[in-house]
Each structure stands twice: as C-alpha cells, then as structure tokens.
Amino acid sequence: MKKYLLIKYFEIVRSAQSCSRSHIGVIATGICLGVLANLSIIFGLLLVTIISFFTNKLWKTSLLALLFIASFAYTSHFVNIRLEESSKIYDTQEIVLTAKETGVTRDFNQVVIASNNQTKSDVLTIVPKYPQINQGESFLVSTKLESFPDYYSQSYVSFLNSKNVFLYTEASSIQEIHEAPLFYSVLNNVRNSLQESILSSFNEPHASLLNGIVLGYDEDFTDEYKDQLQKTGTTHITAVSGFNFLILFTIVMKLSSRVRRPYLLIASIFIMLSYILIVGVANISALRAAIMIIAIIVAELLGKPRAGFETLLLTIALMLVYSPLLITNISFQLSFAATTGILIFSKRISIALPQFLGEFLRDITGVTLAAFIATSPIIAFSFGTQDFIAILANIVISEAIGIATILGITFLFFDKTLSFMAEFLAVITESILWSINELIFIMASTPSLQIQNPLLYLFFIFGIFIVLDFRYTKLQYE
Amino acid sequence: MNKLILIIIIILYALTYFAFLQNSKTFEVTFLDVGQGDATLIQSSNGNHCLIDVGKGSVIVEALSKTKPFLHSLDCVILTHADADHIEGFLSLHKRYEIKNLFINYSVKDNELVQELKNEIVDHKINTFSLDAQTDFYFDDIYFDVLWPSSEFSELQEDLDANDASIVVKLSYNNLDLYLGGDIGKEYEDELIIGEIEGMKASHHGSNTSTSENFLRTITPQFAVTSSGKNNSFGHPHKEVLERLEDRNIEVFRTDLNGSITLVADGQRLQISCEACKTTSFELSD
C-alpha cells in the first residue's frame, strides 16, 4: 500500500508538471476562476505560486501569470456586463429578435433563444407555437425585456446564463417574420431534409432515436422515453459525440486511395465543419467533439501531432474564450469530464479488469466505467445519484449504438443517391434501433439499484476506482 | 471471417424483424389512443389506409407506428374541423407519411395553426379536396357517406362554431355501418338522417353537447367508442353520455381506459380488441 501511494504521488506530480507547461491550460484556468470571481484574486495568486514551483524560468512564470490575470479579468468583465443588463428596467417596445435556438415548452408554446442589437446578452423568448420560427430567422414582437420570472429555479437560471441568456420576454403574438439569411436558410433546409429522410423511413420511436444519435435532435422524445433514458444512464446516446465525427472522418479518408492524404484531410475539415453546423453549435458535446477532431487534423497537417489530453485542453480554452459561462453548463462539464475520464483512465481500468472477460468486453467496460466514474460527482450534485443499472446498460448498449450510428450516417449518404441501398440499410438499422429501445425499456423496468446519499454514493464509486487502479498499478510494476 | 459472420447475422436478424412486423390485409378500423383528441385509422381489405383526424401535437406518429409499423403512406386523410386536437398532428404526420389525398373542411376558424397547415399543404404540394354532404365516395370497398356539413350550412359558415362544422361520415362495409361524428353538437346531430347502425364513435369525445337520447334512439348502435385523454381536464366522456349508452345496453369502449381500439370485420362477424380489454365479438345481421 505504501508503494502504491508513493507511485500515485509521483504520477500526479508529473501530470501537474505537464499541465503547467501548457499555456492553454492557464488560460482555461483563468477563465474558469474568472467566472467564480467571488473566490477573489487570492486564489489566483495561489495558482501563480504553484505554477512557479514547476518552472524556474522567470519569463515563463511571468507570461503564465499575465495570461492567467488577463483571462480572469476578461471573464469578470464579460459576466458583469450581462448582469448589469439583466437588472436594467426596459420599456415595452417593438423589438427585432434573431433566433439562435428554438424549442417547445411544456404547455406547447415556442421557446426561442434570440439575440438582438440592443443588448449583449441573449433573450429567452416565449411566443405562441405558430407561426413556427426557424434558426436564423428574425421576428418582430412588441414586448418588454425583463429578468427571469421568480418561479425559475436557480439551476435553470444558471443553465440559461451559461448559454449567454440573461434576459426574458413573453410575447402574445409574432408580428412579422423575416426570412433567414441565405447561409441559415441553406442550413435549415439541409437539416430539415436529413430529419425528414429519417422520419419518413423509420417508425417511431426509432426515428426519433436515430435523429438524436445522428443529428443531435431530441425534441420528439416523449417524457416517458426521457425517463427511461435517465434511469438507465443512457441520455448521452442521443448526444452527437466524437464517434460520429470519427465515422465521417473514416468515410472521407476511405473515399479515394488516389487522392493525397493532405487533400483528404482538408476535405475532412470542411465535412466536420458542415456537420457541426447542421447539428448546431449550441449542441455542446458535438461542438467539443468537432473542435477536438479539427484540432487533431490541423495538427497533423502542420506536422505536429498532439496527444488527446492537450487537444482537450485546447478545446476547453477555445470554448470558454467564446463563452466563459459555459463552465457552469452541465452539458459542458459532463462532456469534458467523460472525455477526460476516458482519455486518462479507460486504458488502465480495462487492463485491471479480469482476463476472463476477454479483450472486447474489457475495452467496452473500461470506457464505460471511466466515463461513469469521471461524471459521477457532477451528476450526483446536479441531478442526484445514478442507478447502478446504468453501468450495465451502457456496456450492453454501447456497441449497438455504435453500429446504429454507422448505419444511420451511411443511410443518410445513400438516401438521396442510391435509394434501394438506403431502404436496405433502413431495415437493418431499424432492427438495431428496436433492440436498443427494447433493452432500454427492459433495464428501465428493473428494480432500482441506487444509493440515495450522494457522499456515500461517491465514496462507493471512488472505492471501485481505487480498487481497479490499485490492481492496475500492481500489474504494471510486478 | 468474424466480421463477415457478424454482418450475416445482422442481416438475418433484420430480415426476421421485418417479416415479423408485416401488416395484415383485412378491413379494420382503429380508434387510435392519441390522448385528448381524435384519430381513426381505416384499413380496407386491399391494405389501403385512410385516417380521419390526427390528434394534437405529434402523438399520432407514435400511435400509428405502434399500430401499423412499416406503414409509409396514407391514401387519404380527412381533417373534420379546425380544432387543434383534430388537426395539429398533421404537421408531424406529413413529414413521416406520404399523404396521397387530403380532405378538409374549409371551416370558419382561421388561426395561426390553420395558416401553418395551409402553408405546409402548399409547400409540399399535397392534393387537397373539400368535403361536404354532396361528396360521398368509395374508398376501395368502403362507402364513405358524408352526412355533414350540408351545402346550405357551408354558406353560413361565418356565424358558426367550428365543432358544428365538423365533417360527419357514415362508413359502410358489407353489413357494418359505423358513424363517425367529429365534434358536431346535438343541435345538428339530431337532424342527421342515418338509419340504424352497428357502431359509433361518440361525437366530441363523449361530451354531453352531443349523443342525445333522441339520436341514440334513431341509430340504435350495438357499441360506442369514446376518444379522450386519460384524466383530461374536460371530464370527457361525460357521465350523462355514459349513462345514456349504458341504459340502452350499448357496449362502451374508451381510449382513455382501453388504449387504441381495433375493429376487424369480415361481413358476418365483428371483433373488437384493445390494449387493455377483453376481445368482444358481435354478429353482423344483413
């Protein structure tokens, strides 16, 4: 045990050293702490002290400190402006809003996150369900901007703030809608066309599931289905992730053996960009995956391949520079926690698992457990503890989801080109989706295996991790 | 080799799934459980489909998928009147199903939902026809006797309630007559000349504004179906209507309690089954 603890200590010190040499990590840290500005500059000074412990070059320490302070100041300023706007009093006026995201409320009104040219923050707009507003369209309403209603929970308000939404308005009618600019118009048409291809070729609820897996669209899920996904810890299957981008990348690279690799890499960047625009940059996990994969491709083009964790840090920094309050967004936290967990822990967990499981099962279980462990603290304190059936559900379903994603993306490629091939793929894909839904239904119906107390739950989870990590360390140093 | 075996297994699995879920070809009428709304699917003995009303929101899509998986087109859709709980589902429906013919009622109400519907019809070039009491038609071997609105009524539309302008239809297949009344009120329902029938869908979700004692006395159905949502805020079906039906020994099937209700008929016998009830049979007389 003493040897294990010593090994762990040196591993952590080495990791901290490599992190501190990353300027990007410092920017990201500055921004994170800037959001939590009430922790004051003392925390910042503490960080600078730790940084200087790992490097004895004055210019490096100074640069890192400056980067940190600049990031901190930028974020504080960003947040302060928006808080000021949300506490102002506005008159009722005619205002043109531009839709960034649209959805439906529980009582069937439209909810639109919209920007305007009067405030820096975006507005949560509640309007009647019809006429429907599409992304990119501008609409005219006569209304008053105000702060959020009192009945909105603090967690929901934080979630909205993380999307740069600090203002609220409710309009009883929409006076005019202006067509979206050509760029958004084309995007909306492409997105609608892809969704309709899926909707017209698959039965429900399989069509909605495939829409979620491939296009990140989950508005059509019933409440009952969402509950089943939550109980089985499989809500993430409807999040567009790195796997989707990896499939697209593989398809592009395999398209032609005659085209030189650099040109294929450039083509793949455009494909990735198109895909994230279709899915929507508001989809946090998809955006994270898109930035990571594009960063890796660019790094290869520049002849400087980068490790996964460095790319992850770069992605964190880029997303936080765009919108610092994303650090408070649960989707952001979960996406990065899961990716970090998988990058750092999945291999060691799969090595630590018993041999009799076989390599295939150990790999899947390693990834599942790594993501589960890394996201547990966030989930426990945001949503409550998870049912342990989620571990089994994810192990069982993950390969099927992978196959469904590959088939779904391939189906969309063929749907407008070789329709007979698309129909054939639709039959196969639907049977896989049916299996996934049946498995989810069966697992959601099982008795609950849940520890209600968050601290006890986390203690148990980390206990599992310590046991596995101990076994891994023992295997490595035997 | 392993990959090839896996691919073959997946293909065989898919084909089995596909074969297992092929739809039958018999005359069927299914009163779909779409919550607080109406949706009635009619399947002819040629396997063609006609849908009367489409419920609210997008529930119709899941209800149809459960009842008729692998159905991708509807030969006709009839929207009886412009209330959201009868027509809103069309906005989701047409994205998933090819609608070959749409029959609507150019009713009094022109609101944002109706405008949206009209825009979708125009954008997607859906064949659209108006229906009234002059436009009876055959759907394969099923006769659609359109009882309402009459052409005189249509001229007065500006003054009238959307419910009273509902398209009302009597279906006839062999020895089976079915009455489907939309949301028509008793003031106009009582004036309809229908004759005796075997079954009915109680108008306006079993509300007391329809299905009067007089009406039941003239049509003498053996069974009635009410289409409403579980624990709905309107109290549908109303107690008074249920009592009237019970007093006349009319067997009642309710979508709020029994889920989707399916009738299968072959000319001599009628079988009624549902998600949460015992299967019931009726003899059909000549």
For Ser197(A), is it the side chain, the backbone, both or neither that has a heavy atom under 4.5 Å from a heavy atom of chain B?
neither
Output the option from Glu62(B), Gln115(B), Glu98(B) having the highest count of non-hydrogen pairs under 4.5 Å with chain A.
Glu62(B)
Should we count CD of Glu179(A) as having more than 12 external heavy atoms under 6.0 Å?
no
Step by step, would you call Lys129(A) with Glu116(B) a salt bridge (charged side-chain N to carboxylate O under 4.0 Å, His left out)?
CA-CA 10 Å; Lys129(A) 195 171 179 190; Glu116(B) 192 82 9; over 6 Å; no
Nearest-0.5 Å distance, CZ of residue Arg96(B) to CD1 of residue Ile198(A)
10.5 Å
Lys416(A) atom NZ: more than 12 heavy-atom contacts under 6.0 Å:
yes
Tell me whether Phe243(A) at atom CZ has more than 12 heavy atoms from other residues, nucleotides or ligands lying less than 6.0 Å away.
yes
Interatomic distance, CG@Asn203(A) vs NZ@Lys66(B), rounded to 0.5 Å, equals 12.5 Å
CD (Glu101(A)) with more than 12 external heavy atoms under 6.0 Å
yes
Please look at Gln132(A) and chain B and tell me whether the side chain, the backbone, both or neither of the residue comes under 4.5 angstrom of a heavy atom of that chain.
both
Indicate the atoms forming the closest heavy-atom contact of Glu204(A) with Val61(B), along with that distance.
CG-CG1, 3.1 Å
Check the surroundings of atom CD in Glu359(A): do more than 12 heavy atoms from other residues, nucleotides or ligands lie under 6.0 Å from it?
no
Could you tell me whether Asn231(B) atom CG has more than 12 heavy atoms of other residues or ligands within 6.0 Å of it?
no
Measure distances from Leu91(B) to the heavy atoms of chain A and classify the residue's part below 4.5 Å as side chain, backbone, both or neither.
side chain
